[in-house]
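Input: a single structure, listed below in structure tokens.
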Amino acid sequence: QVQLVESGGGSVEAGGSLRLSCAASGYTRSSGNCMGWFRQAPGKEREAVASRSIGSGVIYYADSVKGRFTISQDNGKNTLTLQMNSLKPEDTAMYYCALASGGDNCYLHWRRPESFGTWGEGTQVTVSS
């Protein structure tokens with residue numbers, strides 16, 4: 001069983017930076033081929049932020065974070081990282097790390113939370129204006 005644990009959230013002022021990490025224990029190559037970050041603000045639906053196909057390394061970003069966020073993976077440590085720069089108040093949300101079910105890469109389903117079967121408990125990011 002894969003377990004995901006996020007860390008690195010916090011409170012920053014607009015324009016600041018945060019680095020989120022997701023440690024994946026129990027992960028093997030057969031566990032899945034797409035990992036990503038989602039976020040959910042109060043009263044809103046969970047939305048995709050960024051995902052990375054583990055095998056090919058292809059990366060996908062939501063339009064709202066392109067050019068500001070960077071997703072990366074340290075395969076040796078089974079850690080997924082989200083570097084967030086130029087943060088805006090609208091980035092305020094609970095951020096979740098997730099692993100997609102099955103062996104497909106991210107292309108077809110990276111935006112769909114229902115395609116991800118393993119989730120961390122989340123880490124809060126709050127950006128003040």
Side-chain angles (χ1 to χ4, degrees):
Q1 281 294 70
V2 177
Q3 290 188 321
L4 305 176
V5 179
E6 303 95 337
S7 61
S11 296
V12 296
E13 293 185 349
S17 298
L18 284 173
R19 186 178 181 88
L20 305 184
S21 292
C22 172
S25 60
Y27 176 85
T28 64
R29 191 63 181 84
S30 63
S31 300
N33 193 31
C34 176
M35 288 188 71
W37 291 94
F38 287 77
R39 66 186 182 187
Q40 188 167 19
K44 295 189 176 182
E45 294 187 351
R46 191 167 295 191
E47 64 173 355
V49 175
S51 285
R52 183 180 184 279
S53 292
I54 298 171
S56 66
V58 177
I59 289 172
Y60 304 86
Y61 291 104
D63 288 344
S64 59
V65 306
K66 279 182 182 176
R68 301 188 298 121
F69 290 12
T70 303
I71 189 172
S72 60
Q73 188 156 9
D74 182 337
N75 289 329
K77 296 182 180 179
N78 287 341
T79 300
L80 187 72
T81 300
L82 185 69
Q83 177 67 43
M84 306 186 296
N85 298 328
S86 302
L87 283 161
K88 304 175 181 179
E90 51 263 45
D91 294 318
T92 295
M94 185 71 79
Y95 282 70
Y96 298 90
C97 175
L99 173 67
S101 305
D104 292 337
N105 61 28
C106 295
Y107 175 69
L108 291 177
H109 53 222
W110 73 276
R111 295 183 186 273
R112 302 204 299 257
E114 61 269 25
S115 295
F116 290 74
T118 304
W119 294 83
E121 294 193 354
T123 185
Q124 178 67 38
V125 171
T126 302
V127 185
S128 58
S129 57

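Please read all numbers here as calculations on a predicted model, not as lab measurements. In what follows, every heavy atom counts, from backbone to side chain, and hydrogens, waters and symmetry copies are set aside.
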Straight-line distance of Phe69 CZ to Leu87 CG, nearest 0.5 Å: 5.0 Å

Nearest non-hydrogen partners of Val12 and Ser17, listed with the distance: CG1-O, 3.9 Å

From CD (Gln83) to CD1 (Ile71), nearest 0.5 Å: 12.5 Å

Asp91 side chain near Arg68 side chain, heavy-atom distance below 4.5 Å: yes

Considering all heavy atoms, the nearest Pro89-Ser128 contact: CG-C, 4.4 Å

Approximate separation, where rounding is to 0.5 Å, of Leu82 CG and Thr123 OG1: 11.0 Å

Note, Arg46 side chain near Trp119 side chain (heavy atom, < 4.5 Å): yes

Where Gly122 and Met94 come nearest, the two heavy atoms and their spacing: C-SD, 3.7 Å

Close side-chain approach of Tyr96 to Gln40, heavy-atom, < 4.5 Å: yes

Leu20 vs Glu6 side-chain heavy atoms within contact, under 4.5 Å: no

Least distance between heavy atoms, Met35 atom then Cys97 atom: CE-SG, 3.9 Å

Smallest separation among heavy atoms of Ser64 and Arg39, with atom names: OG-NH2, 3.4 Å

Rounded distance [0.5 Å steps], SG in Cys34 versus OH in Tyr60: 8.0 Å

pair Asn105-Val58: side-chain heavy atoms closer than 4.5 Å: no

Over 12 non-hydrogen atoms of neighbours within 6.0 angstrom of CD in Glu114: yes

Value rounded to 0.5 Å, distance of OG in Ser51 from CD1 in Ile59: 10.0 Å

Gln124, CD atom: more than 12 neighbouring heavy atoms under 6.0 Å: yes

Between Asn33 and Ser53: side-chain donor-acceptor atoms closer than 3.5 Å: no

Glu47 atom CD, neighbour heavy-atom count above 12 within 6.0 Å: yes

Salt bridge flag under 4.0 Å for residues Asp63 and Lys66: yes

Hydrophobic cluster membership, Trp110 vs Ile54, 4.5 Å side-chain cutoff: no

Sub-6.0 Å ring centroid separation between Phe116 and Phe38: yes

Main-chain N/O of Val127 paired with Thr92 side-chain donor or acceptor, under 3.5 Å: yes

Interatomic spacing from CG in Leu99 to OH in Tyr27 - rounded to 0.5 Å: 6.5 Å

Working for side chain to side chain contact (heavy atoms under 4.5 Å, CB included), residues Thr118 and Leu4: CA-CA 8 Å; Thr118 304; Leu4 305 176; 3.9 Å; yes

